[in-house]
Amino acid sequence: MADDRPVRLDLTRLAAARLLAAESHPFLAIALYALTPVADSTRPTFAVDENWRLFVNPQQLLDWSVQEVAGVLLHEVGHVVRDHAGRARTAIVADESARFLWNLAADAEINDDLRNAKVVLPKPLVLPETLKSPPGKVAEFYYAKLTEDGHTPDFAVADCGAGCHAHSDDPDVHVSAPLVAGLSSSEALLIRRRVAEAVVIADGKQPGALPGGWVRWAEATLRPKLDWRRLLSAAIRSSVAAVSGASDYSYRRPPRRRVPRIVLPSMQRPLPRVAIIVDTSGSVGEADLQRAWSEVHGCLRTLGVRRDLLTVFAADVAVRRLTGPPRRQMEFLGGGGTNMATAIETVLQAPVRPDLLVVITDGFTPWPARKPPRPVIVALLPSTLPRPPTPSWARTVDIDAADAAPDDGGPAQRRPSKTQGATHAA
Amino acid sequence: MSTTVRSALGVAVGARVPVLLWGGAGLGKSSAVREMALAAGLPCETVIASIREPSDFAGLPIVSPLGDSVHFAPPAWAQRLAESGHGVLFLDEISTAPPAVQAALLRVVLERTVGDLALPDGVTVVAAANPPEQAADGWDLSPPLANRFCHLDWDLDAREWSEGILAGFTSAEVPPLDEQQLFAELTATRAAVGAFVMARGHLLHAHPGNEASAGRAWPSPRSWEMAARLIAATAVCGAADGVRAVLVAGAVGPAAAAEFLAWREDLDLPDPEAVLLDPTSFRLPERGDRAYAALAAVTAAVLANNTAERWEAAWLAIAAGTKNGHADIAVAAVRSLIAHRPDGAAPPPQVLTQMTPVLKTAGFFDVLTRGRR
């Protein structure tokens with residue numbers, strides 16, 4: 001530094017700003033207090049790292065108003081509380097330009113909520129609109145948009161540090177004094193959880209008062225949602241296994257290969273018959289239906305359910321069996337209302353009874369009053385309207401609305417169907 | 001990231017708790033386990049579960065020459081482990097094993113019994129699996145089998161891997177654990193786990209509703225027992241906090257683990273009643289959030305039984321906060337005290353003077369003056 005003497009870190013000013021920040025966002029108080037401030041005059045402004053160390057440019061601290069410093073504290077703590085570094089790893093933010101884009105995306109996610117809470121922030125300010133994106137989304141969304149657009153927006157935005165994009169530029173270069181340790185990853189995790197709990201409590205007391213981004217974040221942190229594709233395939237897999245004991249060993253019948261004096265089990269592979277009932281009533285959205293259908297179909301194919309043992313029914317006012325082999329893309333025509341009670345009954349009265357029923361529906365239907373004699377999996381399409389609950393005897397998998405899934409390209413999710421358990425010699 | 005997982009693997013093997021490594025194909029799970037065993041001087045027997053039959057684990061039923069009894073003959077790998085007295089039994093690809101094989105594995109994993117042969121105490125079971133959504137013919141692990149393992153997610157950091165390929169990979173280290181020390185520590189951790197489960201009864205046994213989660217870690221009496229053993233082992237070998245967190249989450253699942261660790265962290269806070277008895281020698285925790293929690297506990301204790309004497313003692317404890325550079329944290333505690341001032345009590349003026357600069361800078365000075373009227 002060319003200055004005659006370095007500026008000292010004004011801890012009183014920092015504490016005053018922290019007081020203002022904690023005052024306006026009480027649920028973040030514990031996270032704000034957990035930050036360890038470190039003076040670092042080589043950084044242009046403020047930054048955080050993954051150990052919750054807050055790097056502060058002492059001169060910048062004096063140049064901003066206390067209100068602005070409070071806003072920046074809320075911004076930086078937002079990066080570590082929302083685990084932008086961990087999410088950057090998942091999103092594979094690798095090189096320097098990607099890091100910059102991720103920083104912009106993460107800033108937009110945070111500032112969106114700070115703006116809604118009327119927090120004073122220094123300019124220039126990255127907002128969803130600056131990135132030409134709709135508000136109320138997450139950093140992953142903005143990042144995908146930015147990489148898609150292909151050109152790097154020319155903003156002069158300060159690097160928010162490794163706490164935002166998980167790439168530490170060697171701290172020894174910046175800070176001459178020995179560094180304080182900061183938080184370990186498990187300590188950070190606990191603080192994140194406590195903040196999330198505080199958000200949920202505050203939101204319960206005064207619904208609508210907190211910025212929506214924080215509430216969604218807290219819900220996702222406390223109740224992580226599993227991918228519906230994973231849940232659906234797990235449900236189908238275990239039902240197929242339970243129904244038929246598919247590709248399993250059994251002592252019921254001796255194997256063809258005999259060893260004197262030794263009792264060996266044999267490989268049993270009964271073939272399950274599966275019926276898929278597709279709700280084609282007027283209320284069902286075509287796009288959602290196709291997503292659910294291709295997932296169910298792909299999953300059954302992967303499990304080795306033979307094409308001729310798979311029957312598909314379209315159910316609306318009447319139940320029709322669709323002829324022709326089931327394909328990945330199918331056209332379901334229909335309209336009117338559905339009665340799943342009669343549909344399930346009809347399907348089970350077929351000459352060859354199916355071993356397993358998979359129902360794809362939006363749930364606006366009556367259900368059989370009694371448990372059907374065969375297991376039923378319900379793939380429940382998304383709906384914003386209130387609807388009757390699915391029966392307890394059915395295994396229900398909620399399918400998320402399309403834009404909640406980060407990648408909606410179905411084929412990558414599915415496995416080639418030629419690898420099946422048939423390699424186990426009988 | 002995966003350094004933590006690797007140390008966690010070492011500690012679990014040292015504590016002889018069955019471990020299951022989850023990770024995609026090609027991440028080097030199998031070689032990591034073999035190298036770890038080699039470095040620790042443990043014989044390692046690799047058994048690929050997906051190409052085995054139930055009888056390989058339950059023993060091959062052999063009818064006696066007279067035909068009046070059946071003997072379950074153990075396979076050669078089990079006999080070799082039994083002879084050496086210690087070692088690692090590495091079960092690879094267990095999520096692609098058919099259900100009947102998984103059922104036969106239950107006794108091997110938990111009771112270390114293969115057919116009629118009991119494996120010695122020194123044998124640890126390590127398993128590896130590909131997540132079912134990544135394996136074409138994968139099964140979800142059956143819940144009883146899943147609950148017998150400590151689950152670790154095996155992931156690789158690109159940077160760590162590039163360093164490894166240049167300088168050589170470091171293998172997981174199995175720390176030497178003194179059995180007596182472990183036993184002594186186990187008594188203490190069992191008490192902590194017991195007290196926690198007593199307070200949160202619903203977490204004693206919480207089987208997740210869906211198959212995908214039931215094939216991973218979830219809380220049950222057995223997995224809490226496993227967690228206690230793992231915590232004791234981390235304490236004995238002085239492992240990092242992160243390692244302990246990973247191991248507890250691997251045993252009882254992330255949600256229950258987070259709740260337990262938060263609860264345990266709160267146990268380390270100073271006792272507010274002791275602070276109020278002797279406020280001048282009170283030392284505030286260094287970390288801001290811990291300081292905040294400690295002061296909140298002190299003010300809560302005062303408000304629960306508010307006398308002039310206790311109220312003034314709380315002020316002296318708060319003064320420690322302003323000295324630590326946590327003046328703003330002290331303000332938070334002070335505000336709830338001021339709102340509940342008992343008759344005849346007066347705040348010590350030196351504490352107020354210490355807070356003044358921060359309050360003035362924040363434009364908040366009236367907070368205190370309003371309280372004092």
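Below, chain A is the first sequence line, B the second, and so on; all start at residue 1.
Applying the side-chain contact (heavy atoms from CB on, under 4.5 Å) test to A:Ala70 and every residue at least two apart in sequence or in another chain returns A:Ala17, A:Leu20, A:Ala21. Residues forming a salt bridge (charged side-chain N to carboxylate O under 4.0 Å, His left out) with B:Asp266 (at least two apart in sequence, or on another chain): A:Arg194.
Separation of atoms OG1 (B:Thr361) and CG (A:Asp10) is listed at 7.0 Å; rounding is to 0.5 Å. Atoms CZ and OG1, on B:Arg287 and A:Thr36 in that order, are 8.0 Å from each other to the nearest 0.5 Å. Note that the CD1 atom of B:Ile329 and the CG atom of A:Leu19 stand 10.5 Å from one another [nearest 0.5 Å].
Nearest heavy-atom pair, A:Leu190 versus B:Ala258, reported as atom, atom and distance to 0.1 Å: CD2-O, 3.4 Å.
Residue contact with chain B, scored on non-hydrogen atoms closer than 4.5 Å, involves the side chain of A:Leu183 exclusively. Of the two parts of A:Arg193, only the side chain, counted from C-beta on, holds a non-hydrogen atom closer than 4.5 Å to a non-hydrogen atom of chain B. With a 4.5 angstrom heavy-atom cutoff, A:Leu14 does not touch chain B via any of its atoms. Contacts between A:Thr12 and chain B at a heavy-atom distance below 4.5 Å involve backbone atoms as well as side-chain atoms. Heavy atoms of A:Ala188 lying under 4.5 Å from chain B are absent altogether.
No other option in B:Ala291, B:Ala262, B:Ala257 has as many heavy-atom pairs under 4.5 Å with chain A as B:Ala262. Ranked by heavy-atom pairs under 4.5 Å with chain B, the first of A:Glu23, A:Gln67, A:Arg13 is A:Glu23.
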